[in-house]
Structures are given as C-alpha cells and as structure tokens.
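Here is the naming used below: chain letters follow the sequence lines, and residue numbers restart at 1 for every chain.
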2 protein chains.
Amino acid sequence: MSQTDLDEPKPRLGRKRDHTRDPEILDAALEILAETGYDGMTIDMVATRAKAGKATLYRRWSSKAELVLDAVACLKAGEIDLDALPDTGTLRGDLVAMIKTPSMRDAERKLKIMAGIVSMIARSPEMATAAYAALVEPRASVNRVLFARAIERDEIPADSDVERLCTIGPAMAAYRVLMLGRPVDREFLEDTIDGVILPAAGVRPGAE
Amino acid sequence: MSQTDLDEPKPRLGRKRDHTRDPEILDAALEILAETGYDGMTIDMVATRAKAGKATLYRRWSSKAELVLDAVACLKAGEIDLDALPDTGTLRGDLVAMIKTPSMRDAERKLKIMAGIVSMIARSPEMATAAYAALVEPRASVNRVLFARAIERDEIPADSDVERLCTIGPAMAAYRVLMLGRPVDREFLEDTIDGVILPAAGVRPGAE
DNA sequence: CATATACGGAACTATTCAGTTCCGGATATG
DNA sequence: CATATCCGGAACTGAATAGTTCCGTATATG
C-alpha cells in the first residue's frame with residue numbers, strides 16, 4: 001500500500017518523481033497519532049511536522065481517515081523475517097533474545113499508536129483490520145514460531161494452547177503502557193517471561 | 001464527587017431538589033462514551049439520551065471534560081466490599097467465583113469505556129488518575145485479597161509477586177476486547193485462570 | 001392557590017478543523 | 001535556457017459542535 005507508485009511508463013518532463021514525500025508524511029502522521037490520538041490529530045499538524053503543505057496531503061490521500069489507515073498499514077512494512085528469528089535452543093533464550101530486537105524496541109511507540117486509534121477500531125472495521133494486521137498479528141506470529149520450536153524440542157507439551165500463550169506478552173505489555181502508564185523496560189519484560197509466560201507454557205522454573 | 005449535594009440548609013420553595021437528574025445524565029454519558037468514545041461523543045447526544053436539556057448539563061458541569069471526568073469517577077461508586085468476597089477455600093475457587101459476580105459481568109462495558117478514554121489519558125493527568133481509580137485499581141484490589149488469602153493458606157509461595165499476578169487477568173481481558181475485538185466470556189476467563197494465572201501463581205495443575 | 005425554583009428545549013454564537021483553491025518557486029528534463 | 005511538473009504555503013469555505021441565553025412549563029412548598 002502507498003509508497004512511490006511505479007506505474008506511469010514515461011514521466012517525461014517535470015520534477016523528480018511522484019509522491020516522493022510519502023514516507024516523511026506517513027511517519028509524521030504516526031508520530032502525531034502516538035502523541036495525541038486520532039481525534040486530537042489535525043491535518044495541519046501532520047503537514048507542519050512533515051514540512052509539507054496540506055494540499056500535498058490531499059493530493060495523495062482523499063481524507064484524514066485514509067491517511068491514518070495508510071500510515072498504520074505501512075507499519076506492517078518493516079515486518080520481521082520469521083525464518084531469521086533468534087534460535088538459542090531454549091524457549092526462554094528465544095523469548096529473551098526477542099526483547100533485544102529492534103522491532104521490540106519500538107514496542108512502546110506502537111502501543112501508543114494503538115492507544116490513539118482504539119476508539120476508532122470499534123467504529124471502523126477497516127481500521128480494525130489494519131490495526132490487527134499491523135500491530136497485533138506480526139507480534140503473534142513471531143511468538144507462534146518460538147512456541148512451535150519449543151514444542152518440537154519437547155520443551156513444552158505438544159497440546160499447548162499456542163494462541164493463548166502468544167497473547168500473554170502483548171497483553172501484559174499493552175496493559176502496562178495503556179492502563180498503568182508505566183514503561184515496558186527490559187526488567188518488566190524479563191519478569192513477565194519468567195513469572196508468567198514460561199509458567200503458563202509449563203516450563204519448570206529451574207529447568208533452564 | 002457529584003450526586004445530590006446535600007448542603008443548603010433550607011431549600012425553601014421551588015421544585016423537588018437540586019440536580020436530581022445527575023445519575024441519569026452520568027449514566028447516559030458513560031453509555032455514549034462506551035459506544036463512540038470521548039471525541040465522538042457530543043453534549044447533545046448525552047442530553048438527548050438522558051432526556052435532558054443541554055442547559056441542564058452546563059448548569060451542573062462546566063465543560064464536556066468535567067462531565068466525563070465525573071462520570072468515570074462515579075463508576076468507582078459501586079465499589080465492591082472487599083470483606084464480602086467469595087471465600088471458597090481455594091485460589092481457583094475464589095477466582096472462578098469472581099467471574100460470576102455482577103461487577104465482573106459488566107467488565108466488558110467498563111473496558112469499552114476505557115477504550116473511549118485511553119487516548120485522553122495520555123493528554124490529561126486528571127483523566128489518568130480518575131480512570132486508574134475507577135477502572136484499574138478496584139479490580140486489582142479484589143485480586144490482591146484473593147492472592148493474599150492463598151498465601152495465608154500456603155497455597156502459593158509467600159514471596160509471590162502479587163502485584164504482577166493481579167494484573168494478569170485484567171491485562172488478558174483488556175487485550176481480548178480492545179485489541180482482538182473478541183468477547184470476554186466465561187470460557188475465556190476460565191481458560192485464563194487455568195492456563196495462565198494459576199500456573200504463574202505456582203499452583204500445580206492437578207492440585208485442586 | 002400563589003410562587004420560587006429547576007428543568008426541557010430551542011435558538012444562537014464562536015471556534016475549530018476537514019477539505020479546497022490558488023499561486024510562486026524549485027527542479028529535473030530536453 | 002525553456003518548460004512541464006510537483007511542491008510548500010497561505011487564504012478560503014463549510015460543517016460540526018462546544019458553550020450560552022432565553023423562555024415556557026412542571027412542581028413542590030407554603
């Protein structure tokens with residue numbers, strides 16, 4: 001979705017290309033979204049932050065809603081290669097390795113973006129779909145791989161409810177940021193792994 | 001906060017009382033909040049829903065923000081008596097008994113109200129405080145009592161991180177409703193108790 | 001029955017902001 | 001150097017809505 005559309009056989013004369021500013025604009029939109037939420041955000045704010053004109057935004061997106069939808073959808077772009085995940089040999093090792101990953105690093109930002117659009121999700125199915133695909137599903141699929149490996153390794157029971165296990169981490173992190181207003185730091189994440197996720201997975205406390 | 005202020009020594013002549021309509025209005029505000037979120041909600045909507053005039057609302061609250069703040073704060077009113085919680089003799093029994101409680105019944109409504117104000121929480125410390133006091137803390141304190149009993153009973157280790165255990169249930173429920181858009185039904189709650197909370201608390205699976 | 005009081009409802013004002021239009025300037029192409 | 005194309009910016013329009021004012025009515029009190 002979005003980005004410099006590479007159709008148009010011959011852009012003959014003129015300036016550089018089409019819509020070169022898209023990334024900056026979408027990024028500005030995400031920043032404002034995280035800071036003030038969907039309703040608090042104005043098109044002027046986004047334009048100013050991206051050092052663009054409001055007209056430029058409307059040349060590319062037909063409405064505020066579409067801009068935000070596109071911005072959220074583009075978060076999915078930097079998706080993780082599921083085949084290149086850390087493989088340490090233990091479930092705990094894999095989970096701990098994940099929290100040092102850059103995609104985890106900006107977890108807090110993503111959660112704030114989520115906070116900015118939750119109220120919209122109930123009203124707009126498109127937004128619900130986009131948010132799910134960009135913010136919820138990628139995280140779950142990473143975890144799915146990790147737990148699947150642990151099952152192959154006989155580290156956890158083969159009949160584990162992987163879907164449930166996958167949601168524990170995201171749920172605890174989201175609650176921490178959105179409801180408690182506390183940071184998702186390394187200590188919290190490790191405590192959650194050792195104190196909640198691994199016990200729920202059936203890994204014995206001492207069994208490293 | 002709010003409700004019929006009972007000062008004024010002698011309301012001599014006139015109608016019945018002061019601000020009799022407060023409860024209906026606050027309730028209407030909460031309904032609209034849950035349905036459309038803070039920004040989607042208009043004062044006219046609330047007035048209409050409560051069959052009141054807009055002027056009546058502004059006679060009592062000086063702004064939309066104060067009305068919502070008061071409405072959220074009043075949720076705390078129907079707080080639970082911590083000494084009258086179900087006491088079944090086991091942690092699992094207590095937790096399961098809690099999900100049949102009326103205060104748990106409207107958990108989903110409360111979560112939707114929360115969704116309606118999350119984006120505000122970041123912008124307004126007052127709202128953050130009110131939401132915490134009305135929606136987060138009451139639930140946590142119920143759980144605290146249950147886990148404290150389990151420790152007294154030697155059912156779970158005395159050095160358990162009760163604060164962490166208290167947040168698991170609310171976190172899983174919030175994620176379920178707000179992010180996944182799925183219902184918090186009895187099955188989900190029981191699965192969460194058996195599959196996440198009890199293992200995290202260190203209760204052995206079979207040990208009923 | 002008389003009256004002070006609060007309420008419901010409608011009409012009004014002011015502001016904010018989504019979306020539009022227009023123009024001067026930058027820039028790559030030929 | 002000429003020109004087609006896109007961009008930034010500012011000015012504008014229109015709709016929605018927060019907040020205000022006013023009035024007719026219902027009602028409890030005396």
Side-chain angles (χ1 to χ4, degrees), chain A residues 2-26 28-29 32-33 35-71 116 119-120 123-124, chain B residues 2-26 28-29 32-33 36-71 119-120 123-124:
Chain A
S2 120
Q3 300 308 84
T4 42
D5 306 307
L6 28 84
D7 29 37
E8 285 306 291
K10 280 163 199 165
R12 312 280 304 228
L13 276 189
R15 217 196 180 195
K16 345 180 185 179
R17 266 289 193 170
D18 232 349
H19 307 131
T20 319
R21 305 295 318 282
D22 278 21
E24 287 96 321
I25 294 171
L26 291 173
I32 308 265
L33 212 53
E35 286 168 23
T36 68
Y38 179 83
D39 298 277
M41 152 181 163
T42 71
I43 297 288
D44 277 304
M45 285 184 199
V46 178
T48 304
R49 178 80 56 111
K51 289 194 221 307
K54 217 171 23 156
T56 305
L57 303 208
Y58 279 102
R59 274 178 209 120
R60 182 74 185 76
W61 296 276
S62 65
S63 72
K64 176 179 170 182
E66 283 206 18
L67 167 64
V68 171
L69 215 56
D70 204 15
S119 72
M120 257 208 110
R123 284 176 274 168
S124 153
Chain B
S2 124
Q3 300 308 82
T4 43
D5 307 304
L6 29 87
D7 28 36
E8 285 305 292
K10 282 165 198 163
R12 314 279 304 225
L13 276 190
R15 216 197 179 196
K16 347 179 187 178
R17 263 293 191 171
D18 231 350
H19 306 134
T20 319
R21 305 295 319 280
D22 278 21
E24 287 96 322
I25 294 171
L26 291 172
I32 308 264
L33 211 53
T36 70
Y38 178 83
D39 299 277
M41 151 180 163
T42 71
I43 297 290
D44 276 305
M45 284 183 200
V46 178
T48 304
R49 179 80 57 110
K51 290 194 219 304
K54 217 165 34 148
T56 306
L57 303 207
Y58 280 102
R59 274 179 210 120
R60 181 76 184 75
W61 296 277
S62 65
S63 72
K64 175 180 168 180
E66 282 206 20
L67 166 64
V68 171
L69 215 56
D70 204 15
S119 72
M120 256 208 113
R123 285 176 274 168
S124 154

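Among residues two or more places apart in sequence or in another chain, the side chain to side chain contact (heavy atoms under 4.5 Å, CB included) test is passed with T48(A) by none. Here E24(B) pairs with nothing under the side chain to side chain donor-acceptor pair (under 3.5 Å) rule; sequence neighbours left out. In this structure, the side chain to side chain contact (heavy atoms under 4.5 Å, CB included) partners of A55(B), at least two apart in sequence or on a different chain, are R59(B). Not counting sequence neighbours, the partners of Y58(A) by the side chain to side chain contact (heavy atoms under 4.5 Å, CB included) test are I43(A), K54(A). Qualifying salt bridge (charged side-chain N to carboxylate O under 4.0 Å, His left out) partners for R49(B), counting only residues two or more places apart in sequence or in other chains: E31(B), E35(B).
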I'd like a table of atom pairs between the protein and nucleotides 15-18 of chain C - only N or O on both sides, under 3.5 Å - with the distance next to each one.
{"unit_1": "dA18(C)", "atom_1": "OP1", "unit_2": "M41(A)", "atom_2": "O", "d": "3.3"}
{"unit_1": "dA18(C)", "atom_1": "OP1", "unit_2": "K64(A)", "atom_2": "NZ", "d": "3.3"}
{"unit_1": "dA18(C)", "atom_1": "OP2", "unit_2": "I43(A)", "atom_2": "N", "d": "3.1"}

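Here dA26(C) presents its C1' atom at 17 Å from NZ of K51(A), a figure rounded to the nearest Å. Remark: P of dA6(C) and CD1 of I25(B) are 14 Å apart, rounded to the nearest angstrom. What separates CH2 of W61(B) from C1' of dT20(D) is a distance of 18 Å, to the nearest Å. At whole-Å resolution of the value, CG in L57(A) and P in dC6(D) are 16 Å apart. Rounded to an integer number of Å, the gap from CG of D22(A) to P of dC6(D) is 13 Å.
For the residue pair I32(A) and M41(A), the shortest heavy atom distance occurs at CG2-CB, 3.7 Å.
A donor N or O paired with an acceptor N or O is found under 3.5 Å between the base of dG8(C) and the side-chain atoms of R59(B).
Residue A47(B) is out of contact with every strand shown, counting any heavy-atom pair closer than 4.0 Å.
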